[in-house]
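A short write-up of the structure that comes next.
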Amino acid sequence: MQKVLVVDDSLFQRKSICDTLKEAGFLTIEAGDGREGLETARTGSPDYILTDLLMPVMDGIQFLTELKEQGFTCPMFVLSADIQETKRKQCLDLGVAGFLSKPFKKHELIEAFSRCTSGKDV
Amino acid sequence: MNLTELQLDAFKELVNIGVGRAAASLNDMLDSHIMLEVPEVRMLDFDDMTGVTDNLAQDLSCVQLGFYGSFTGMAALVFPPPSAVQLVSALTGEDATAPGLDGLIAGTLNEVGNIVINCVIGTIGNILERPLDFSLPNYLQGQLGELLKMGDDDQRKKIILVRTHFTVLEKQLDGNIFLMFEAASFDALLLAIEQIHAR
């Protein structure tokens, strides 16, 4: 089973995301901000990472930048309420495999991961 | 600063698009139709909230989010407490009378506010091609005048206030979206609107 690290400061949102991914056959591990996400990425060896952007302690952009600098190469996804094109571009420039908007639709989230697992871009 | 009819119309249209997008998000979250009223736009001194707060005198539940960049202000999603409870119940699946629901309200409403407000302000930023940053969402309870405070020097501020009331009949809840733009940064907003219209 493939493992997804879900990083979001909202417990409600993390539960919704994890429930959806579990239904689709993924294992999930969780973190509440970018700093906790880095630690969990190191210890949990996820196959994919899905992160929010606006979070306390360490935001999503800094988290993605740190992951890149620390050599993590697994596909990374962003799920954010920030729908600005500039933010999307900033994330794509950081090499994310997909940028999804909140509130997410279950089928869109699953499709994003499915496309990635079959080697296609999201 | 006085707004021309054209500037006001362009601004209202921008807000309409943003609020429409926010309603679509709420619709997705609740799977229910969202009835929107036409946004009311007023320019006023911050300490003259009379008329805005009159019919919302009770304690309210609120998520506020600051935005800054090319223009600065604060947005708030405001609910009467029974509506806040209904909303959290609808989203979490917990019974509205369950004792544990109180513990879920702040976290859940923060996330709802984050999504809805980002939709409104983010859409405006996208259309005007002006990137904006957001503060973390902040859940508060209290009187509206207190909830809408932006900072210590509010009394000296002139603001553009936008208020949109919405109703979700199926879930028996209603609320308001408030947008407050600092008038000092409103020139930049109007300039951006004019640049987009001139294309």
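Quick note: numbers below take in every heavy atom, side chains included, and nothing from hydrogens, waters or symmetry partners.
Using a 4.5 Å cut-off between heavy atoms, A/Asp59 does not touch chain B at all. Residue A/Lys15 does not touch chain B at all, counting heavy-atom pairs closer than 4.5 Å. Looking at A/Leu11, neither its backbone nor its side chain comes within 4.5 Å of chain B, counting heavy atoms on both sides. Contact annotation for B/Asn110: neither backbone nor side-chain heavy atoms come within less than 4.5 Å of a heavy atom of chain A. Using a 4.5 Å cut-off between heavy atoms, B/Ser135 touches chain A through its backbone atoms (N, CA, C, O) alone.
Between A/Phe77 and A/Tyr48, the two ring planes are tilted [angle within 30° to 60°].
Aromatic pair B/Phe11/B/Phe186: centroids less than 6.0 angstrom apart. Taking the six-membered ring wherever Trp is involved, the centroid distance between the rings of B/Phe67 and B/Phe181 falls below 6.0 Å.
Defined by atom type and a distance below 3.5 Å, a donor-acceptor pair is present between the side-chain atoms of B/Asp174 and B/His165.
A salt bridge between A/Glu39 and A/Arg35 is absent, with no side-chain N of the basic residue lying under 4.0 Å from a carboxylate O of the acidic one.
When each of A/Asp52, A/Ile83, A/Thr86, A/Asp82 is checked for heavy-atom pairs under 4.5 Å with chain B, A/Ile83 comes out on top. Considering only heavy-atom pairs separated by less than 4.5 Å from chain B, the leading option among A/Pro56, A/Ser101, A/Ser16, A/Pro103 is A/Pro103. Considering only heavy-atom pairs separated by less than 4.5 Å from chain A, the leading option among B/Gly107, B/Ser25, B/Ala24 is B/Ser25.
Chain A is approached within less than 4.5 Å, heavy atom to heavy atom, by B/Leu91, B/Thr92 from residues 81-101 of chain B, ordered by number.
Shown here is B/Gln195, whose CD atom has more than 12 heavy atoms of other residues, nucleotides or ligands within 6.0 Å.
Both B/Ile121 and B/Leu14 sit in one connected hydrophobic cluster of ILVMFWY residues. Membership requires side-chain heavy atoms under 4.5 Å apart, directly or through other members.
With rounding to the nearest 0.5 Å, the separation of OG in B/Ser70 from CG in B/Leu189 is 9.0 Å.
A donor-acceptor pair under 3.5 Å is formed between the side chain of A/Gln84 and the backbone N or O of B/Leu132.
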